Protein chains: 2
Amino acid sequence: MPKLGMEPIRREALVKATIAEIGQAGSLDVTVAQIARRAGMSSALAHHYFGGKDQIFLAAMRHTLSLYGAEVRGALVMAHGPKARVEAIIRAGFTHSNFRREVVAAWLNFYVLAQSDDQARRLLAVYQRRLHSNLVYNLRPLVGARSAEVAVRIAGLIDGLYLREALSKEVPSGDDATRQVLTALAHEITQADREPLV
Amino acid sequence: MPKLGMEPIRREALVKATIAEIGQAGSLDVTVAQIARRAGMSSALAHHYFGGKDQIFLAAMRHTLSLYGAEVRGALVMAHGPKARVEAIIRAGFTHSNFRREVVAAWLNFYVLAQSDDQARRLLAVYQRRLHSNLVYNLRPLVGARSAEVAVRIAGLIDGLYLREALSKEVPSGDDATRQVLTALAHEITQADREPLV
DNA sequence: GTTTTTGTTGATTGACGAGTCAATTAAAAA
DNA sequence: TTTTTAATTGACTCGTCAATCAACAAAAAC
């Protein structure tokens with residue numbers, strides 16, 4: 001039955017199945033056979049297309065990351081003005097879709113992987129730098145020269161609240177977290193207004 | 001050679017070895033044999049005292065957690081006045097010792113485990129609640145009724161900055177992170193001074 | 001119509017690892 | 001002194017899993 005051009009289809013199916021399996025297990029403790037079965041093929045085929053388990057994981061991570069990136073970009077095109085843009089970035093991180101089991105699991109295990117796997121760490125750095133420069137750029141009109149510093153706090157707060165929300169409740173509320181970050185942002189802006197020359 | 005009363009000694013050695021192995025691997029992907037060898041005993045003995053791998057991990061997590069708790073408590077007794085106490089809590093999270101390889105690995109894998117293991121999740125909740133109420137209590141004189149809300153932001157910022165610092169650089173700087181959180185705290189206090197009645 | 005290329009899998013290998021158990025040692029209790 | 005109890009391990013079982021490979025199927029190229 002070899003229909004041609006199966007490779008991209010198989011790869012995508014495997015990536016999705018990988019994310020689903022990781023989400024179900026909560027860890028990277030999933031076998032190639034499980035992934036392949038969910039993707040509707042033999043484990044040998046998974047090895048054939050990806051070469052090894054690590055490659056499959058990396059591809060899954062890249063996919064999760066790019067979904068997040070797309071979400072941020074999508075939110076940004078609909079936002080006009082610096083404040084709306086910063087708010088869009090914040091909101092994008094706490095979307096319902098970002099709190100799905102699989103996505104949380106992907107992120108947490110991504111962090112774990114980043115300790116030992118250089119490729120994972122680099123991927124993470126890319127995402128963080130993009131988010132950071134996005135924030136810095138749009139914060140400048142709001143908080144002036146302190147922009148870079150403020151961006152660190154906002155980004156850190158996003159990550160920290162995401163982590164807490166994802167782990168503490170069964171049904172995470174992105175709205176609570178969003179409100180918290182927006183409040184912090186408001187403080188930063190107020191602060192800037194008090195020291196307009198700094 | 002059965003000297004009596006070996007159990008607590010063996011347990012402690014196993015817990016320490018577990019943390020060290022997790023730190024070296026960066027993940028929970030360590031074998032009981034590895035742990036036991038590092039602790040200077042056979043793997044059978046590890047099973048004898050702990051019953052299984054999961055129990056060993058849980059004990060290691062509890063140990064890491066209690067070390068952190070002790071650090072916070074130690075910092076608190078030397079701090080007088082609400083502001084100094086809040087600052088002490090913040091500083092305690094970014095100590096050099098908290099950025100050691102093994103400790104970072106323990107925390108990250110703890111988060112991963114908390115998704116699927118109920119005991120781990122409960123342990124994490126305990127730590128978070130303690131930190132939260134500590135913050136709320138000491139923040140009240142500083143920010144009044146907003147205390148609870150502010151505590152969420154401070155705690156979130158601590159976690160987020162810790163995560164970023166631990167993963168982005170090879171040599172994490174607790175000082176940078178501490179400064180960032182203290183600045184955020186200053187903003188919150190300023191904000192409180194502007195709305196003294198709320 | 002033959003050959004090459006792409007897709008596909010069952011079967012197998014080789015390694016590893018968690019947990020068990022019977023057996024050994026020596027201290028302590030009786 | 002005999003017996004119980006704690007400490008300890010080597011050897012073994014049973015299962016799992018990543019990775020490989022030979023072989024087969026069908027479309028495309030020649």
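Keep in mind the model is a prediction, meaning the values are calculated, not measured.
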Stepwise ring pair (Phe, Tyr, Trp, His ring centres under 6.0 Å) check, B/Y127 with B/Y68:
CA-CA 9 Å; B/Y127 139 73; B/Y68 174 72; 5.5 Å; yes

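One can place CD of A/Q55 at 14 Å from P of D/dA18, the figure rounded to the nearest angstrom. B/L45 places its CG atom 16 Å from the C1' atom of C/dA18, with the value rounded to the nearest Å. Between the NE2 atom of A/H47 and the C1' atom of D/dA19 there is a distance of 5 Å, rounded to whole Å. For the pair A/H48 NE2 and D/dA18 P, the computed distance is 19 Å after rounding to whole Å. The distance between atom CD1 of B/I9 and atom C1' of D/dT8, rounded to the nearest whole Å, is 14 Å. Following rounding to the nearest Å, A/D54 (CG) and D/dA19 (C1') show an atom-to-atom distance of 12 Å.
A residue-by-residue look at A/M41 and B/G52 shows that A/M41 has its nearest nucleotide of DNA chain C further toward the 5' end.
Near-neighbour residues of DNA chain C inside residues 109-118 of chain A, defined by a heavy atom below 4.0 Å, are absent. Looking at residues 10-29 of chain A, you'll see that no heavy atom sits under 4.0 Å from any atom of DNA chain D.
We find the CD-OG1 distance between A/Q191 and B/T183 to be 9.5 Å, quoted to the nearest 0.5 Å.
Distance alone, capped at 3.5 Å, is enough to place a donor-acceptor pair between the A/T178 side chain and the A/G174 backbone. When atom types are taken as modelled, the side chain of B/D117 and the backbone of B/L113 share no donor-acceptor pair closer than 3.5 angstrom.
With sequence neighbours excluded, no residue satisfies side chain to side chain donor-acceptor pair (under 3.5 Å) with A/R130. With sequence neighbours excluded, the residues forming a side chain to side chain donor-acceptor pair (under 3.5 Å) with B/T95 are B/E71, listed by chain and number. Partners of B/E188 by side chain to side chain donor-acceptor pair (under 3.5 Å), not counting sequence neighbours, listed by chain and number: A/H187, B/R146, B/R153. With sequence neighbours excluded, the residues forming a side chain to side chain donor-acceptor pair (under 3.5 Å) with A/K16 are A/E12, listed by chain and number.
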For nucleotides 28-30 of chain C, which of its nitrogen or oxygen atoms have a protein nitrogen or oxygen under 3.5 Å away, and what is each distance?
none

Check: protein-nucleotides 11-13 of chain C nitrogen or oxygen pairs below 3.5 Å:
none

Could you run down the sub-3.5 Å N/O contacts of the protein with nucleotides 13-17 of chain D?
none

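Cluster membership check: B/Y111 does not share its hydrophobic cluster with B/L67, using side-chain heavy-atom separations under 4.5 Å among Ile, Leu, Val, Met, Phe, Trp and Tyr. Clustering ILVMFWY residues whenever any of their side-chain heavy atoms sit less than 4.5 angstrom apart, transitively, puts A/L185 in a cluster other than the one holding A/V136. In the hydrophobic clustering of this structure, A/Y137 does not group with A/L142; members are Ile, Leu, Val, Met, Phe, Trp, Tyr whose side-chain heavy atoms approach within less than 4.5 Å, directly or through other members.
Cluster note: B/V77 groups with B/M78 through ILVMFWY side-chain heavy atoms spaced under 4.5 Å, whether in direct contact or through intervening members.
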Quiz: residues 156-167 of chain A side-chain donor-acceptor pairs under 3.5 angstrom, not counting sequence neighbours:
from, atom 1, to, atom 2, distance (Å)
A/D159, OD2, B/R164, NE, 2.7
A/D159, OD2, B/R164, NH2, 3.3
A/Y162, OH, A/N98, O, 2.6
A/R164, NE, B/D159, OD2, 2.7
A/R164, NH2, B/D159, OD2, 3.4
A/E165, OE2, A/K169, NZ, 3.0
A/E165, OE2, A/S173, N, 3.0

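If you check every strand for non-hydrogen atoms under 4.0 Å, B/G51 touches nothing. Using a 4.0 Å heavy-atom cutoff across all strands shown, A/Y49 reaches sugar-phosphate atoms only and no base atom.
For residues 30-51 of chain B, every residue pair satisfying the side-chain hydrogen bond (donor to acceptor under 3.5 Å, both in side chains) rule, not counting sequence neighbours, is listed here: B/E21-B/R38, B/Q24-B/R38.
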